[in-house]
Amino acid sequence: QLQLVESGGGLVQPGGSLRLSCAASGFTLDYYAIGWFRQAPGKGREVVSCITSVGSSTNYADSVKGRFTISRDNAKNTVYLQMNSLKPEDTAVYYCAARRTVQALCFMLPRASWDYWGQGTQVTVSS
């Protein structure tokens, strides 16, 4: 069974850090670009970052650029999202998604373009 599982969410104070993980089971991530999305209450699901299948290219939403870093370890079949300088407006459920492609550039595609999804992990930034 193909599955993505996110972990690492939690409650953190403004200015703090968290590292999210997205682990795949049932398939190898070697041929998949990975995107991280988030959805705040009452809002749509937005893409915040993506990384190509071999990690050669990354991309970020303007709202997180300079604060978040996406990376991957294909040997561990896992992708990470390091989140620093967190703000209350970063509060959301964070999802990872996989898209089968070996394109050299990572495109911040909308929700419908991604093939597999995790169940999400809650990130709450509050004092």
Side-chain angles (χ1 to χ4, degrees):
Q1 183 178 359
L2 307 181
Q3 196 173 11
L4 294 172
V5 179
E6 302 95 336
S7 61
L11 173 64
V12 63
Q13 292 186 342
S17 298
L18 285 174
R19 188 176 83 154
L20 306 183
S21 298
C22 172
S25 62
F27 69 112
T28 175
L29 290 179
D30 290 5
Y31 303 105
Y32 288 82
I34 300 296
W36 280 99
F37 288 71
R38 67 185 181 187
Q39 187 165 14
K43 296 188 177 181
R45 193 170 298 188
E46 61 171 352
V47 57
V48 297
S49 184
C50 67
I51 187 168
T52 51
S53 58
V54 295
S56 56
S57 174
T58 58
N59 210 341
Y60 299 91
D62 288 342
S63 58
V64 306
K65 202 169 291 184
R67 301 187 297 120
F68 290 12
T69 303
I70 191 171
S71 62
R72 66 190 298 156
D73 185 342
N74 283 0
K76 295 183 178 180
N77 225 22
T78 301
V79 176
Y80 306 96
L81 185 68
Q82 178 67 44
M83 305 186 298
N84 298 329
S85 302
L86 283 162
K87 305 175 181 180
E89 51 263 44
D90 295 318
T91 295
V93 178
Y94 283 71
Y95 300 88
C96 64
R99 177 172 176 262
R100 187 175 176 94
T101 177
V102 292
Q103 288 176 317
L105 297 178
C106 194
F107 298 99
M108 303 278 274
L109 298 174
R111 180 176 182 174
S113 298
W114 299 80
D115 302 320
Y116 303 108
W117 289 85
Q119 82 291 346
T121 185
Q122 176 71 46
V123 171
T124 302
V125 185
S126 175
S127 55

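This chain uses plain numbering: 1 for the first residue, then up along the sequence. Predicted, not measured: the structure shown is a model, and the values here were computed from it.
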Given Lys65 and Asp62, is the salt bridge (Lys or Arg N to Asp or Glu O under 4.0 Å) satisfied, shown in steps? CA-CA 5 Å; Lys65 202 169 291 184; Asp62 288 342; 3.2 Å; yes

hydrophobic_cluster_shared for Met83 and Val93, side chain cutoff 4.5 Å: no

ILVMFWY cluster, Ile34 and Leu2 together (side-chain gap under 4.5 Å): yes

Can you tell me how far apart [atom1] ([X]) and [atom2] ([Y]) are? Round to the nearest 0.5 Å.
X: Arg38; Y: Arg45; atom1: CZ; atom2: CZ; value: 13.5 Å
X: Ser113; Y: Phe107; atom1: OG; atom2: CZ; value: 11.5 Å
X: Ser63; Y: Lys87; atom1: OG; atom2: NZ; value: 8.5 Å
X: Tyr95; Y: Trp117; atom1: OH; atom2: CH2; value: 8.5 Å
X: Arg100; Y: Asp30; atom1: CZ; atom2: CG; value: 10.0 Å
X: Tyr94; Y: Leu20; atom1: OH; atom2: CG; value: 7.5 Å

Is any side-chain heavy atom of [X] closer than 4.5 Å to a side-chain heavy atom of [Y]?
X: Pro14; Y: Pro88; answer: yes
X: Asp73; Y: Tyr80; answer: yes
X: Val123; Y: Leu18; answer: yes
X: Cys106; Y: Arg99; answer: no
X: Ser53; Y: Leu29; answer: no
X: Val79; Y: Tyr32; answer: no
X: Thr69; Y: Leu81; answer: no

For Phe68 and Trp36, I'd like to know if the aromatic rings sit close, meaning centre-to-centre distance below 6.0 Å. no

For the side chain of [X] and the backbone of [Y], is there at least one donor-acceptor N/O pair under 3.5 Å apart?
X: Thr124; Y: Leu11; answer: no
X: Asn59; Y: Met108; answer: no
X: Arg72; Y: Thr52; answer: yes
X: Asn74; Y: Tyr31; answer: no
X: Gln39; Y: Glu46; answer: no
X: Tyr60; Y: Arg67; answer: no
X: Thr101; Y: Ala33; answer: no

Mind jotting down which residue pairs meet the side-chain hydrogen bond (donor to acceptor under 3.5 Å, both in side chains) criterion with at least one end in residues 8-26? Sequence neighbours excluded, please. Ser17-Asn84

What heavy-atom pair brings Leu4 and Cys22 nearest, and what distance separates the two atoms? CD2-SG, 4.0 Å

